There are 2 protein chains.
Amino acid sequence: MPASPPAIADDSSVRSDGAVGGPSFSPLYRQIKGLLITRLQAGEWRAGEAIPSEQELAARFGVSQGTVRKAVDELAADNLLVRRQGKGTFVATHAEEKIQYRFLRLTPDKGAEALGRQLLDCKRQRAPAWIAKLLQMRAGDPMVEVRRLLHSGGQPVVLDEIWLPGDLFKGLTAEKLNQHRGPFYGLFEAEFGVHMIRAEEKIRAVAADADSAGHLQVPLGTPLLSVERLSFTYGDKPVELRRGLYNTSNHFYRNELN
Amino acid sequence: MPASPPAIADDSSVRSDGAVGGPSFSPLYRQIKGLLITRLQAGEWRAGEAIPSEQELAARFGVSQGTVRKAVDELAADNLLVRRQGKGTFVATHAEEKIQYRFLRLTPDKGAEALGRQLLDCKRQRAPAWIAKLLQMRAGDPMVEVRRLLHSGGQPVVLDEIWLPGDLFKGLTAEKLNQHRGPFYGLFEAEFGVHMIRAEEKIRAVAADADSAGHLQVPLGTPLLSVERLSFTYGDKPVELRRGLYNTSNHFYRNELN
DNA sequence: GAGTGGTCTAGACCACGGC
DNA sequence: CCGTGGTCTAGACCACTCA
């Protein structure tokens with residue numbers, strides 16, 4: 001194929017012109033990236049599975065391997081895909097990763113104790129307005145509410161409240177959550193096909209109230225880290241709201257700035 | 001130049017072999033990247049200035065433009081360089097950026113008030129052991145200590161303590177800090193040639209003590225966000241330690257997870 | 001040894017910015 | 001108009017994994 005202007009042989013309408021009023025230009029590799037995201041979203045390949053080789057994708061889309069490569073490069077940089085030389089390119093997963101809890105930035109001051117989990121509660125309710133708004137639902141829509149504790153070295157460290165859209169997590173029960181090993185996000189992928197690919201957190205310092213002080217075994221009024229997390233799947237669709245209270249007397253929240 | 005194995009025509013010894021005991025392999029573009037970092041570190045191009053064009057660098061290093069491109073791509077991803085189509089590639093700077101305070105993650109709950117600064121203190125001291133350790137100095141080495149407040153809408157929001165190696169910041173005085181407009185990091189680049197390119201933060205919730213409560217105008221014991229930041233220049237050399245206490249009643253610390 | 005991703009090259013053409 | 005970075009292609013060869 002000679003160096004013809006961007007045009008994809010597969011499907012979906014794409015443009016290469018700079019027509020007035022539009023996004024004005026989208027390089028080929030971004031269009032390929034978009035197609036791949038669509039496929040991922042549709043569940044064409046499951047979490048942890050390999051996607052087709054670059055050669056095969058190039059043939060399928062009617063572009064050169066280099067163009068597919070650049071699309072895959074970006075998806076790997078976005079943590080949607082994982083490249084493994086000699087083996088292939090795989091759909092990123094929260095399960096079976098060496099780093100458990102990919103989104104949890106809590107670090108112990110010393111040591112590296114594994115975290116223990118204790119489920120407190122799991123019930124279905126109607127979404128209050130403020131949660132519905134963040135999850136882009138309507139107030140009163142069905143919602144799942146989960147409460148749990150994370151322990152480190154026998155001491156409770158994190159009290160989490162988790163809210164999920166009811167229609168996406170239909171069969172979710174306390175039993176399922178208890179049976180499952182590893183992070184919830186692994187379960188969400190395997191059982192409900194929901195991939196968390198990105199999240200935004202808002203962090204504040206707050207004083208422990210009666211409930212949190214009780215669960216975290218600290219005096220009333222103890223300063224705690226409040227971490228409000230909104231997680232997104234493909235297409236920037238919010239699918240989980242979480243509010244964690246962290247006891248930071250022996251742990252800290254680690255962050256890297258670039 | 002035919003497709004000969006990696007070998008740089010410019011200078012510096014590089015290897016392409018997989019000899020036992022070494023790092024075993026370093027692609028050409030990474031070696032180029034290393035050379036560019038060396039140049040940046042040496043101050044060959046100042047903050048905000050353009051570096052030579054890709055063609056020129058390719059000629060200088062005796063590699064193809066594509067290889068230089070990949071090196072520059074990584075440096076841009078690391079925020080050491082900024083690409084501007086049609087204009088050139090520039091050395092990243094904390095000054096004259098639209099986003100002031102590149103490393104400050106504090107966000108107001110509503111509005112977007114500009115931050116006011118108030119210098120409290122600037123004195124030269126001898127480094128205590130714990131600071132010296134983090135800054136990779138010896139205890140007792142000369143050190144500059146700065147204290148300042150950040151205001152938002154007339155209210156104090158952040159109390160910062162900043163520690164800098166004395167030998168790197170020789171002429172730093174309260175007067176200089178007060179005269180300067182914009183973030184300290186801009187001044188550090190222009191006056192002392194010190195570029196902050198990366199930082200690590202440890203975040204905790206703490207209770208306001210007498211000093212911080214006074215400066216932030218909150219009751220004693222108010223929960224505050226404690227943000228300890230260690231900043232690095234080229235070569236992962238730590239050059240600034242900072243401890244900020246944030247009043248999070250009307251602001252939050254924003255973070256993005258990928 | 002076959003198949004995968006990873007590197008390097010060379011050349012053509014496009015988009016953008018400023019003269 | 002020219003020079004810059006940005007895209008796309010085609011082909012060669014290298015490094016890694018696994019059967």
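The shown structure was predicted, so the numbers you read here are calculated from the model rather than taken from an experiment. Letters A, B, ... mirror the listed sequences (proteins, then strands); counts begin at 1.
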Please state how far atom [atom1] in [X] lies from atom [atom2] in [N], giving the value in whole angstrom units.
{"X": "Gln55(A)", "N": "dG3(C)", "atom1": "CD", "atom2": "P", "value": "12 Å"}
{"X": "Gln31(A)", "N": "dT7(D)", "atom1": "CD", "atom2": "C1'", "value": "12 Å"}
{"X": "Leu75(A)", "N": "dG5(C)", "atom1": "CG", "atom2": "C1'", "value": "15 Å"}
{"X": "Leu81(A)", "N": "dT4(C)", "atom1": "CG", "atom2": "P", "value": "16 Å"}
{"X": "Gln85(B)", "N": "dC16(C)", "atom1": "CD", "atom2": "P", "value": "6 Å"}
{"X": "Leu28(B)", "N": "dA12(D)", "atom1": "CG", "atom2": "C1'", "value": "15 Å"}
{"X": "Gln65(B)", "N": "dT7(D)", "atom1": "CD", "atom2": "P", "value": "13 Å"}
{"X": "Phe61(B)", "N": "dT9(C)", "atom1": "CZ", "atom2": "P", "value": "13 Å"}

Does OP1 or OP2 of [N] have a side-chain N or O of [X] closer than 4.0 Å?
{"X": "Lys87(A)", "N": "dC18(D)", "value": "yes"}
{"X": "Ser53(B)", "N": "dT4(D)", "value": "yes"}
{"X": "Thr67(B)", "N": "dT7(C)", "value": "no"}
{"X": "Lys70(B)", "N": "dT7(C)", "value": "yes"}
{"X": "Arg84(A)", "N": "dG5(C)", "value": "no"}
{"X": "Thr89(B)", "N": "dT4(D)", "value": "no"}

Notebook entry, point to check: In terms of ring plane angle, is the pair Phe103(B) and Tyr185(B) parallel, tilted or perpendicular, where the classes change at 30° and 60°?
Noted result: perpendicular

Quick one: [atom1] on [X] to [atom2] on [Y], what's the gap to the nearest 0.5 Å?
{"X": "Gln55(B)", "Y": "Gln65(B)", "atom1": "CD", "atom2": "CD", "value": "4.0 Å"}
{"X": "Ile37(B)", "Y": "Arg39(B)", "atom1": "CD1", "atom2": "CZ", "value": "12.0 Å"}
{"X": "Leu106(A)", "Y": "His251(A)", "atom1": "CG", "atom2": "NE2", "value": "5.5 Å"}

Margin query: Nearest to the Tyr29(B) side chain among dC8(C), dA10(D), dT9(C), which nucleotide is it?
Written below: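 Comparing dC8(C), dA10(D), dT9(C) against the side chain of Tyr29(B), the answer is dC8(C).
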
Check: Of all the nucleotides listed (dA10(C), dT7(C), dT9(D)), which has the minimum atom distance to the side chain of Arg69(A)?
Finding: dT7(C)

Note to self: Which is more 5' along DNA chain D, the nucleotide nearest Val68(A) or the one nearest Gly86(B)? Just name the residue.
What the structure shows: Gly86(B)

Margin query: For Arg46(A), is the CZ atom crowded, meaning more than 12 foreign heavy atoms sit under 6.0 Å from it?
Written below: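 Result for CZ/Arg46(A): open.
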
